[in-house]
Amino acid sequence: MRLSELAAAMGMDAGDAGQTGIFGFAIDHRKVAPGNVFGAFQGTKVNGEDFIDAAIASGAVAVVARPEARVEGALHLADAEPRRAFADLAALYYRPTPSTVVAVTGTNGKTSTVEMTRQIWRMCGERAASIGTLGVTTPDESVSTGLTTPDIVTFLSNMSGLCREGVTHVAYEASSHGLSQFRNEGLPVHAGGFTNLSRDHLDYHDGMEDYFAAKMRLFTEVVDDDGTAVIWADDEWSQRAVDVAKDRGLKIFTVGEKGKGIELIARTPSPLGQELKIVHAGHAYAIRLPLIGAYQVANALTAAGLVLATGTPPAQVFDAVARLQPVRGRLERAVISTKGAPVYIDYAHTPDALAAAIAALRPHVSGRLITVFGAGGDRDKGKRAPMGEAAAKGSELVIVTDDNPRGEDAAAIRDEVMLGAGTMARNIGGRREAIAAAIAEAGKDDIVLVAGKGHEQGQIVGSGDDMRVLPFDDVTVARECAAEIAQGGGAA
Ligand SMILES: CC(=O)N[C@H]1[C@@H](OP(=O)(O)OP(=O)(O)OC[C@H]2O[C@@H](n3ccc(=O)[nH]c3=O)[C@H](O)[C@@H]2O)O[C@H](CO)[C@@H](O)[C@@H]1O[C@H](C)C(=O)N[C@@H](C)C(=O)N[C@H](CCC(=O)O)C(=O)O
Ligand SMILES: Nc1ncnc2c1ncn2[C@@H]1O[C@H](COP(=O)(O)OP(=O)(O)OP(=O)(O)O)[C@@H](O)[C@H]1O
Ligand SMILES: N[C@H](CCC[C@H](N)C(=O)O)C(=O)O
Ligand SMILES: [Mg+2]
């Protein structure tokens, strides 16, 4: 690729520099190689414009930056919104990308929905992948973690890499951070999904309206002009999402009890899953979903809507929904204690998600529900007490513990959660001790829910240079605690 092509895409003339070859894109000056285009962005910690000279010294031939930035010795590709311009330019370079791409946003359920979309496509015979919190999951199901979507260059190079491996269908997770930083876009996106909206990340967004607006960029800008918006219809914010997508002129496909694309007529929990009655395009279908929890129905049907929106025949799609496999760390049963209490691991880390996870387990509890959870440090503090309230409201016993304290004092975070949880809650620092106490306490009719970390593999303590990730996996720890308690030791 030549510099002239990039300049032309921005309506500029590269002049004599036009013939210069482009060999990649970078947003961190330390990663710049000769022939790269450098994106200089104002960040939350530092100003990338301060590294323009260093990037040029390392061989950058063009710099995407605000018009007022000083660029000497390379072509200045100026734009008032340099992150967006950079995404569009990089997408011209990292090509080709998979032919069918969909994205999912919402507060909860993004990872589950992209993973289910991948599974449905795969069962329908497509070479499909998903990208999100769990990493990049490829057609042979291998998961490469660390390759999530930390930045736009990784995102687009993952997409073109998947395409080279023969992947034709990709579902990716579009977080509000990613959307507001133009981190996951540039390529054609055929459909966008919206799951729900509730409190999270208000440390980063300026209130719920700002948070909603960040998510809605998916419909107003990221999805293609002739694309489809697949919207879970039964959330408080659903109608607003429909209005936004309509204003943009997207095709609207709603899903849920109020859904018109897929109408959920009935949902009956069964011991191992739930029986669903739905209507799509005038036809009724009965589906045995092999997963528990109303929230997984929302995600499964949203995923089905996305696959239908990309042209797969309905009979195949609904047949695949009945064969969905559980998503890692989402209501995953880790172990059954010797006394007979199942221990579930779930990634709920917002008040709404905790309520949803508790509601999912409720029909299966004949004794007590014991909920163990904490709240992350250096994240939205306002969600801590409401998480405590949600847990206390739905459980017979709550144990408040640690979940990635990061740069904060773990005991202080627990105190803030305890304010919402009230006097019924126990406060046990040390996540292993808390899980052990819950399992030791649980009798044969009880269920233990360990929420907040799901698939995570570490406990993050400290920040900056002192940051450490201590190995910690809720599933493994629950199994170890259950085994220790069975042998008569380890009980708290
Ligand atoms: C607050 C936030 O979202 N920050 C993200 C953002 O960083 P930033 O642009 O603000 O970066 P900065 O450190 O201020 O630097 C500014 C610019 O200078 C450049 N730079 C910086 C230093 C240097 O020596 N040289 C240099 O060139 C940087 O590459 C950057 O382009 O862009 C970076 C890459 O594009 C991200 O890695 C980084 O995520 C940080 C690590 C983070 O913790 N993010 C979390 C909150 C997050 O985004 N989470 C969501 C999930 C939320 C959910 O699902 O619920 C996610 O999508 O992962
Ligand atoms: N549709 C839903 N409605 C309400 N809660 C949900 C829904 N789907 C998932 N949850 C809850 O949210 C947790 C996280 O689910 P998931 O990882 O799919 O969401 P996410 O949106 O990707 O989260 P993150 O923002 O951390 O990436 C689940 O473990 C569950 O407790
Ligand atoms: N994507 C979310 C994950 C939170 C998971 C929880 N374990 C925590 O650390 O708060 C975040 O970065 O806010
Ligand atoms: Mg996720």
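When a ligand or atom number is given, it counts from 1 through the structure's own listing order. Keep in mind that the numbers below use all heavy atoms, side chains included, and drop hydrogens, waters and symmetry copies.
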Would you mind finding which of Thr154, Asp151, Asn184, Thr44 brings a heavy atom closest to atom 10 (O) of ligand 1? Thr44
Just let me know how Ala356 lines up against ligand 2, side chain, backbone, both or neither, with a heavy-atom cut-off below 4.0 Å. side chain
A student comparing Tyr295, Tyr347, Trp232 should find that the heavy atom closest to atom 10 (N) of ligand 2 comes from Tyr295
Look at atom 6 (C) of ligand 2 and say which protein heavy atom is nearest, naming residue and atom and giving the distance to 0.1 Å. Asn108 CB, 3.5 Å
Is the shortest N/O to N/O distance between Thr113 and ligand 2 below 3.5 Å? no
Value rounded to 0.5 Å, distance of CD1 in Ile413 from CG in Asp403: 8.5 Å
Nearest candidate to atom 39 (O) of ligand 1, where distance is taken over non-hydrogen atoms, out of Gln181, Arg183, His177: Arg183
Suppose I only count heavy atoms of Ile27 and a 4.0 Å limit; which atoms of ligand 1 are within that range? 19 (C), 27 (O), 28 (C), 29 (O), 31 (O), 35 (O)
Top protein contact for atom 24 (P) of ligand 2, by heavy-atom distance: Lys110 NZ, 3.7 Å
Below 2.8 Å, any N, O or S contact between Ser175 and the Mg ion (ligand 4)? no
Counting heavy atoms only, which part of Asn196 comes closer than 4.0 Å to ligand 2: side chain, backbone, both or neither? side chain
Quick one: look at Gln42 and ligand 1, take heavy-atom pairs under 4.0 Å, and tell me if it's side chain, backbone, both or neither. neither
Of the listed options His29, Lys110, Arg30, Lys31, closest to atom 22 (C) of ligand 1 (non-hydrogen atoms): Arg30
Name of the Glu173 atom (N/O/S only) found closest to the Mg ion (ligand 4): OE2
Nearest protein heavy-atom contact for atom 8 (N) of ligand 2: which residue, which atom, what distance? Asn299 ND2, 2.9 Å
Once rounded to the nearest 0.5 Å, what's the spacing between atom OG1 of Thr350 and atom CG of Asn108? 3.5 Å
With only distance considered, is Gly178 within less than 3.5 Å of ligand 1 through an N or O on each side? no
Nearest to atom 19 (O) of ligand 2, what protein heavy atom do you find, and at what distance? Gly109 N, 2.8 Å
Using a strict 4.0 Å cut-off to heavy atoms of Gly43, name the atoms of ligand 1 that fall inside it. 8 (P), 9 (O), 10 (O), 14 (O), 16 (C)
With rounding to the nearest 0.5 angstrom, report the CG to OG1 distance, Leu162 to Thr97. 10.5 Å
In this structure, atom 11 (C) of ligand 2 is nearest to the protein heavy atom Ala353 CB, 3.5 Å
What protein heavy atom is closest to atom 27 (O) of ligand 2, reported as residue, atom name and distance in Å? Glu173 OE2, 2.8 Å
Where does Leu331 meet ligand 2, judged by heavy-atom distances below 4.0 Å: at the side chain, the backbone, both, or neither? neither
How are the rings of Trp237 and Phe212 set to each other: parallel, tilted or perpendicular (split at 30° and 60°)? tilted
For atom 17 (O) of ligand 2, what is the nearest protein heavy atom, given as residue, atom name and distance? Arg330 NH2, 2.6 Å
Sub-4.0 Å atoms of ligand 2 with respect to non-hydrogen atoms of Thr133: 27 (O)
Enumerated ligand 2 atoms positioned under 4.0 Å from heavy atoms of Ser112: 16 (P), 18 (O)
Calculate, to the nearest 0.5 Å, the distance between atoms NZ and OG belonging to Lys110 and Ser176 respectively. 7.0 Å
Can you give me the closest heavy-atom contact between Gly293 and Ala360, atom names plus distance? CA-CB, 3.3 Å
Just wondering, are more than 12 heavy atoms of other shown residues or ligands nearer than 6.0 Å to CZ in Arg288? no
Under 4.0 Å between heavy atoms, the region of His349 that gets near ligand 2 turns out to be side chain
Pick one: which of Val230, Leu289, Val255 meets side-chain contact (heavy atoms from CB on, under 4.5 Å) with Leu301? Val255
Does a donor on one side chain sit under 3.5 Å from an acceptor on the other, for His76 and Arg70? no
Nearest-0.5 Å distance, CD of residue Glu332 to CD1 of residue Ile345: 7.5 Å
If you compare all heavy atoms of Arg414 against all heavy atoms of Val400, which two are closest, and at what distance to 0.1 Å? CD-O, 3.7 Å
Parallel, tilted or perpendicular: ring planes of Phe51 versus His29, cut at 30 and 60 degrees: parallel
Between Thr476 and Phe472 (side chain of the first, backbone of the second, donor and acceptor by atom type, cut-off under 3.5 Å), is there such a pair? no
Considering both backbone and side-chain atoms of Lys45, is one of its nitrogen or oxygen atoms within less than 3.5 Å of a nitrogen or oxygen in ligand 1? yes
Look only at interatomic distance and state if Thr195 has a nitrogen or oxygen under 3.5 Å from any nitrogen or oxygen of ligand 2. no
Of all the heavy atoms in Arg83, does at least one lie under 4.0 Å from an atom in ligand 1? yes
Just which atoms of ligand 1 are under 4.0 Å from any heavy atom in Phe41? 16 (C), 17 (C), 31 (O)
Answer yes when Arg384 and Glu408 have at least one side-chain N-carboxylate O distance shorter than 4.0 Å, and no when they do not. yes
Salt-bridge test for Glu185 and Arg217: reply yes if a basic N is under 4.0 Å from a carboxylate O, no otherwise. yes
Does one side chain, of Glu275 or Thr268, offer a donor that lies under 3.5 Å from an acceptor on the other? no
Member of Phe182, Phe38, Phe41, Tyr93 meeting the ring-ring contact (aromatic ring centres under 6.0 Å, His included) criterion with Phe86: Phe41
Ion pair check, Arg368 and Glu396, cut-off under 4.0 Å: no
Heavy-atom nearest option to atom 51 (C) of ligand 1, drawn from Gly376, Ser175, Ser180, Ser176: Ser175
Assess Thr107 for proximity to ligand 2: is some non-hydrogen atom of it under 4.0 Å away? yes
The Mg ion (ligand 4) to nearest N/O/S of Tyr347 below 2.8 Å: no
For atom 28 (C) of ligand 2, which candidate among Asp346, Ile358, Leu134, Val104 provides the closest heavy atom? Asp346
Do you see a donor-acceptor pair shorter than 3.5 Å between the side chains of Lys453 and Gln459? yes
Looking only at N/O atoms, are Asp352 and ligand 2 under 3.5 Å apart anywhere? no
